[in-house]
Amino acid sequence: METITENQAAAIVPQKRKNYFSLLPPAFITIIVLVGQFTYGVLDNYLYLVAAIVTSLVADMFFSRFIYGTKKNLASAYITGNSVGILIRSNVLWPYIITALLSIMSKYVFNYKGKHLWNPSNFGVSWMLFFATSHVAGLSIQWGSNLAAMVIIWALGLYIVSRAKKLHVTLTYVFSFIVLAYLRSLITGDTFLSEVSPLTGPMYQLFIFFMITDPGVAVSTKKGEIIVAVLIALAEFGLRLGGFIYAPFFALCIVGPAARFIDLRNISLRTAKSPELALPGTI
Amino acid sequence: MNKPRRIPRAVTAVVFVGMLIWTVVLSWSNPPSNVNTAEREESSLEKYGFYLQPVNEEAGIHFRHQSPTVDPKLKPIERQIASMGAAVSIVDYDNDGWNDIYFTNSRPGSQNALYHNLHNGKFEDVAAKVGLADLNKPGTGVCMGAVWGDYDNDGYEDLLVYKWGRPELYHNDGGKKFVNVTEGSGLPKWVNANSAIWLDFDGDGLLDILICGYYNENIDLNNLKTTKMMPESFRYANNGGRKYLLKNMGNGKFEDVTVEYGINSTKWTLAAVSADLNGDGYPDLILANDYNVDELYINDKGKRFVEKGRQAGIGYIPKSGMSVALADIDDSGLLGFYTTNITENGILIQGDNFWKPTVSDNHDLKYANLAHLAGIDNAGWAYGSQFGDLNNDGYPDLYVANGFISAKKGKSYWYDYAKVTGGNAAIIGDAKNWPDMEGKSQSGYQQDKIWLNNSTGLFEDVSDKVCPYATFDGRAVAMADLWNRGVLDVIVANQDNIPLVYKNIQRTGNHWIDFDLHGTASNASAIGAKVEVDWDGKKQAQVVTAGMGFAAQNQHRLHFGLGKSSKVGRVIIHWPSGRTEEINNPQIDELHKVIESKINS
C-alpha cells in the first residue's frame with residue numbers, strides 16, 4: 001500500500017546525495033506484482049492495475065500543483081497505485097480509478113499541520129471495502145499458498161523495512177498478531193493455526209511491509225511507533241472477533257490517524273514552547 | 001513547504017466528499033420485490049410473455065434431497081463438505097416420447113427417484129420398480145449425479161451414476177427395468193466424483209465415459225484416515241481427484257485410457273461438458289475446476305487430448321468453477337460456454353465467465369470473456385447453469401442456481417472461511433484447521449438468477465419477476481419440455497431440500513422447432529451431434545450433450561425458439577460420425593425425430 005516507501009522515497013529525494021534506496025520500495029512492489037502475475041496470475045486484468053497506477057500518478061501531480069503549486073516526487077503515488085491495483089478486486093474498471101483517486105485525494109483533504117493523517121491507500125481501500133461492497137472485494141488470491149514464495153517475499157520485505165529503519169514496527173506487529181492469534185484461538189475454540197493463518201497470506205505481506213511501516217504517517221518516536229503497532233494489532237484483534245474480514249486495514253485506518261493526530265499535536269505544542277524543534281512540513 | 005491554497009483545497013474537499021457519498025449510494029441494493037404471486041405472474045406474462053410456475057404438488061413430485069454424512073472428524077465443517085449431491089437428469093427412459101426426471105439422493109440409505117411422465121401433467125416415482133432407487137447403500141458411497149446414454153446402441157438410454165464412492169452403470173432393459181452391470185465393466189472402484197459425461201471421443205460410434213474426481217480418490221469421506229484432504233490452495237490447488245477417461249470396448253467393458261490420452265489433471269473438477277469446439281469433427285472437453293483455472297482439452301483426431309486453456313485465453317484467472325454450459329447466445333452459429341463462480345458482495349468477486357470464441361478453426365481456438373458485457377457475470381454463489389429459450393424468442397436465456405449454505409440467518413461463516421482459505425497450504429489443506437461452522441450460513445438464502453436474452457447477447461435480470469420468490473440452496477439445473485408443449489420447463493435440484501419443478505406458462509405466441517436425433521453410424525444417442533438452424537437471418541447452433549451444467553443433464557431433444565418467424569430456412573445436422581445432413585424448410589412448431597441417414601448427404 002502506500003507505504004513505507006512512498007513517503008520515504010519522497011522524503012529522500014530532496015537530498016543532494018543520490019540515494020538509490022529511494023527506488024527500492026517501488027522496485028520491490030513492482031517485482032512482487034510481476035512475479036505474482038507471471039507465476040500465479042494474481043492480476044485479473046492488467047488494465048485495472050495500469051488504471052490504478054496512472055490515476056494515482058496523474059492525481060498526485062494534479063493536486064500537488066493545484067493545491068500547493070509545487071511539483072511532487074511520484075514514487076509514493078506509484079506505490080499507492082500498485083497497492084490499489086493489487087488489494088482490491090472488482091470485475092469493473094471504475095473502482096480501481098475511484099479508489100486510487102480517493103487514496104490520493106485523502107492526502108490533500110485530511111491534512112493536519114501540513115501532514116496527512118491516513119496512509120493514502122489504506123484510506124481508499126478501507127473505504128471501498130466497507131462502503132462499496134456491491135462492486136469491490138479484497139485481495140483473495142494467494143501466491144499459490146506456497147511456502148517458498150512466502151519465504152522469499154518475507155525475506156525481501158524484512159530487508160527493506162530494515163533498511164528503512166522500520167523493522168521494529170513490522171516485528172512488533174507480527175509478534176503482537178501471533179500472541180493475539182493465540183488468545184483468539186482460546187476464545188473462539190478454533191485452532192491456533194487457523195487464527196494465525198491470515199499472516200501467511202499475501203494480504204498481510206503487503207500490509208506489514210508496505211502499509212504499517214509508512215513513514216509518512218508514522219509517529220515521531222521509535223517508542224511511539226512500537227506502541228502504535230501494538231494498538232493496531234489490538235484493534236485488529238477486536239475487529240476479528242467481530243468477524244471483519246478486512247480487519248487489518250480497518251484497524252490501521254482507525255488507529256493510525258488518531259495516533260498521528262495526537263503525535264502531531266504534541267509536536268506542535270512542544271514546538272510552540274521550543275521553536276527550534278519544528279520540522280519541515282511535507283506531503 | 002508551500003502553504004495550501006484555500007480555494008483549491010476547498011474545491012478538492014467538496015469533490016472528495018461527493019465521491020465518498022457516491023460510492024456509498026452505488027452500493028445500496030434493492031430488497032426483493034414484495035409483489036404477491038398472482039400479481040407477479042400476471043405482470044410477468046404481460047411483460048415477458050412467460051412465467052415459471054412451481055408445480056411440484058400438482059405434478060406429484062415429492063422428492064426431497066438429503067445431504068451426505070461425513071466422518072466425525074469433519075463434523076465441525078460437515079455443511080461445507082456435504083454440500084453437494086442434489087442432481088437432476090432428464091431422460092425418456094421408456095421411449096414413450098415424454099421426458100422423465102431422475103433425481104439423486106445422497107444420504108446413506110436414502111432413495112433416488114425416477115419420475116415417469118404419465119402424460120397427464122403428473123409423474124410417478126418408479127425408481128424402486130425399475131431398480132434405480134436404492135443406490136446409496138452403505139459402503140458403496142453416496143450419489144452425486146447421473147447421466148444417461150445408450151452405451152450399447154440398443155435404442156434405450158442406460159444410466160451412469162457417479163458418486164463419492166463407486167461409480168455404477170445400469171443397463172436399460174427395454175425401458176422396463178435396469179440391471180446393474182458395474183461388476184466387470186472396468187469402471188474404477190472408487191471416485192469422489194461430482195461430474196461425469198458420456199461422449200464418443202474417438203468417433204467409433206460407441207459412447208465413452210469421462211468421470212471427474214473432486215476429492216482425491218484415495219479418500220473415503222465417511223472413513224477418513226487423515227484430515228489433510230482439503231484443497232492445498234484456494235486458487236491453485238492440484239491435489240483434487242484424478243480423471244477417468246473410459247473407452248467403450250463394445251462388449252460392455254470400458255478401458256481406462258486417461259493417461260494414454262493425456263488427461264493428467266488432478267484439479268478439483270466440478271463440471272464437464274463435451275462438444276466439437278474447433279470444428280475438426282472430434283469432441284473437445286471443457287472442465288470447470290474449483291480452486292483453480294478451468295481447463296480446455298482439445299481432441300487431437302481421437303488419438304489424444306491436449307490441454308490448451310492458456311492458449312485459448314480461458315486458463316489464466318483461477319476462480320471457483322462449478323458449472324459449464326454451452327450456448328450460442330447471439331445466434332452467430334458459434335458455441336460459447338458459461339462457467340459459474342462465486343460472487344459475494346464485499347468479500348469475493350470472482351464473476352462468472354461467458355467465453356465466446358473469437359477464433360475457431362482446426363488449428364487455433366481463442367476466447368474472450370463477454371460475461372460482464374452481456375450482463376451475466378454476477379450471479380452469487382453460483383452452482384448449476386443452463387441456457388434455454390424460455391420465451392421462444394429465438395435467443396437462449398440463462399438460469400443459474402444460487403446459494404451455498406442456508407443455515408442460521410444473520411450468522412455468516414465467510415469470516416472464518418476467509419481466515420483459513422487465505423493462508424498457507426499447510427493450513428488450508430488440513431480440515432482440522434477449518435473453524436467450526438456452528439450452524440452458520442455461507443452465501444445462503446440466495447435467489448436463483450434468471451437472465452433473459454434481449455437479443456444479440458445482452459441479458460436482463462428477471463430473477464425477481466418471472467417466478468415466485470424462493471431461496472433454496474440451488475445445485476443442478478435442467479431444462480426440458482415436460483409436457484410436450486413446445487416450451488422449455490425448468491427443473492432445479494436443491495441441496496437438502498425439495499427440487500423446484502417449474503412449468504413454463506407461455507403467452508408469447510412465439511414459434512419453435514425441436515429435433516430429436518438418433519444416430520446409426522454415430523452413437524445411437526447422437527451425443528456430440530451439432531444442429532444449426534437458419535431462420536430469419538439468424539443461425540443458432542446447439543449440441544446434443546449427455547451431461548452439462550452442474551450435476552445435470554438436459555432433455556435429449558434440442559429446442560429452438562423462433563420468435564414470430566413462421567418458417568425455418570435450412571437445418572444442418574453434423575453427426576458425430578462426420579456425416580452432415582441438411583433439412584430444408586422443416587415444419588415449425590413440431591418435434592422432428594431425425595434418424596441419421598446411412599448415406600452421406
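This structure is a prediction, so every number in the text was calculated from the model and none was measured. No hydrogens, no waters, no symmetry mates; every other heavy atom, side chains included, goes into these values. The chains referred to below are lettered A, B, ... by the order of the sequence lines, with proteins before strands, and numbering in each begins at 1.
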Asker: Would you say that more than 12 heavy atoms from the other residues, nucleotides or ligands in this model lie under 6.0 Å from the CD1 of A:Ile187, or not?
Answerer: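 Correct, the count exceeds 12.
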Asker: Supply the atom-to-atom distance B:Arg9 CZ to A:Phe63 CZ, rounded to the nearest 0.5 angstrom.
Answerer: 12.5 Å
Asker: Decide if atom NZ of B:Lys228 counts as having more than 12 heavy atoms of other residues, nucleotides or ligands within a radius under 6.0 Å.
Answerer: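 Counting neighbours around NZ of B:Lys228, 12 or fewer heavy atoms of other residues, nucleotides or ligands fall under 6.0 Å, so no.
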Asker: Between B:Asn433, B:Val24, B:Asn378, which has the largest tally of heavy atom pairs under 4.5 Å with chain A?
Answerer: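 Looking at each option in turn, the highest pair count goes to B:Asn433.
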Asker: Determine the option with the most heavy-atom pairs under 4.5 angstrom with chain B, choosing from A:Trp127, A:Phe110, A:Trp94.
Answerer: A:Trp127
Asker: Between B:Val11, B:Val293, B:Ile349, who has the most heavy-atom pairs with chain A when the cutoff is under 4.5 Å?
Answerer: B:Ile349
Asker: With chain B as the partner, which of A:Val92, A:Val109, A:Thr70 has the greatest number of non-hydrogen pairs under 4.5 Å?
Answerer: A:Val109
Asker: Which value, rounded to the nearest 0.5 Å, describes the distance between A:Thr191 atom OG1 and B:Asp430 atom CG?
Answerer: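 The distance works out to 8.0 Å.
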Asker: So does A:Tyr182 have more than 12 non-hydrogen atoms from other groups sitting under 6.0 Å from OH?
Answerer: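 No, OH of A:Tyr182 has 12 or fewer neighbouring heavy atoms, counting only those of other groups under 6.0 Å.
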Asker: Sub-3.5 Å donor-acceptor pair from the side chain of A:Thr200 to the main-chain atoms of B:Asn424, do we have one?
Answerer: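 At least one qualifying donor-acceptor pair exists.
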Asker: Could you tell me which of A:Gly189, A:Pro95, A:Gly243, A:Ala247 has the largest number of non-hydrogen atom pairs under 4.5 Å with chain B?
Answerer: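 The residue among A:Gly189, A:Pro95, A:Gly243, A:Ala247 with the greatest pair count is A:Gly243.
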Asker: Could you measure the distance from the CD1 atom of B:Ile428 to the CG atom of A:Leu193? Nearest 0.5 Å is fine.
Answerer: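 Answer rounded to 0.5 Å: 13.0 Å.
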Asker: Below 4.5 Å from any heavy atom of chain B, which atoms of A:Ser194 appear? Answer side chain, backbone, both or neither.
Answerer: both
Asker: Rounded to the nearest 0.5 Å, what separates atom CD1 in B:Ile427 from atom CG in A:Leu199?
Answerer: 9.0 Å
Asker: Please determine, among A:Tyr204, A:Phe131, A:Phe130, the option with the most heavy-atom pairs under 4.5 Å with chain B.
Answerer: A:Phe131
Asker: Judged by atom type as modelled, is there a donor-acceptor pair below 3.5 Å linking the side chain of A:Tyr108 to the main-chain atoms of B:Ala13?
Answerer: no
Asker: Check whether B:Lys432 gets within reach of chain A through its side chain, its backbone, both or neither, counting any heavy atom under 4.5 Å.
Answerer: backbone
Asker: Does any heavy atom of chain A fall under 4.5 Å from the side chain of B:Ile7, the backbone, both, or neither of them?
Answerer: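 Interface part for B:Ile7: neither.
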Asker: What I want to check is whether the side chains of A:Thr133 and B:Asn345 have a donor and an acceptor closer together than 3.5 Å.
Answerer: no
Asker: Report the distance from atom OG1 of A:Thr188 to atom CD of B:Glu438, rounding to the nearest 0.5 Å.
Answerer: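 Atom-to-atom, A:Thr188:OG1 and B:Glu438:CD are 8.0 Å apart.
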Asker: Under a 3.5 Å distance rule, please check whether A:Ser197 uses its side chain to pair with a backbone N or O of B:Lys419 as donor and acceptor.
Answerer: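 Here the side-chain-to-backbone pair exists.
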Asker: Within this structure, what is the OG-CE distance for the pair A:Ser106 and B:Met19, rounded to the nearest 0.5 Å?
Answerer: 10.5 Å
Asker: If only atom types and distance count, is the side chain of B:Arg5 paired as donor or acceptor with the main-chain N or O of A:Phe66 below 3.5 Å?
Answerer: yes
Asker: Could you walk me through whether B:Phe16 and A:Phe123 pass the ring-ring contact (aromatic ring centres under 6.0 Å, His included) check?
Answerer: CA-CA 12 Å; B:Phe16 180 73; A:Phe123 176 84; 5.7 Å; yes
Asker: Compare every heavy atom of A:Ile245 with every heavy atom of B:Trp414, then report the nearest pair and how far apart it is.
Answerer: O-CD1, 3.9 Å
Asker: Take B:Tyr415 and A:Arg240 through the side-chain contact (heavy atoms from CB on, under 4.5 Å) test and state the conclusion after the steps.
Answerer: CA-CA 8 Å; B:Tyr415 167 76; A:Arg240 284 200 165 275; 3.0 Å; yes
Asker: Testing the basics here: between B:Val15 and A:Met105, what is the closest heavy-atom pair and its distance to 0.1 Å?
Answerer: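 For B:Val15 versus A:Met105, the nearest heavy atoms are CG1-CE, 3.8 Å.
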Asker: Taking all heavy atoms of B:Gly351 and all of A:Asn91, pick out the closest pair and write down the distance.
Answerer: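 Smallest interatomic distance, heavy atoms only, reads CA-ND2, 3.9 Å.
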Asker: Carefully, step by step, assess A:Arg89 and B:Gln350 under the rule side-chain contact (heavy atoms from CB on, under 4.5 Å).
Answerer: CA-CA 8 Å; A:Arg89 281 288 178 269; B:Gln350 293 184 330; over 6 Å; no
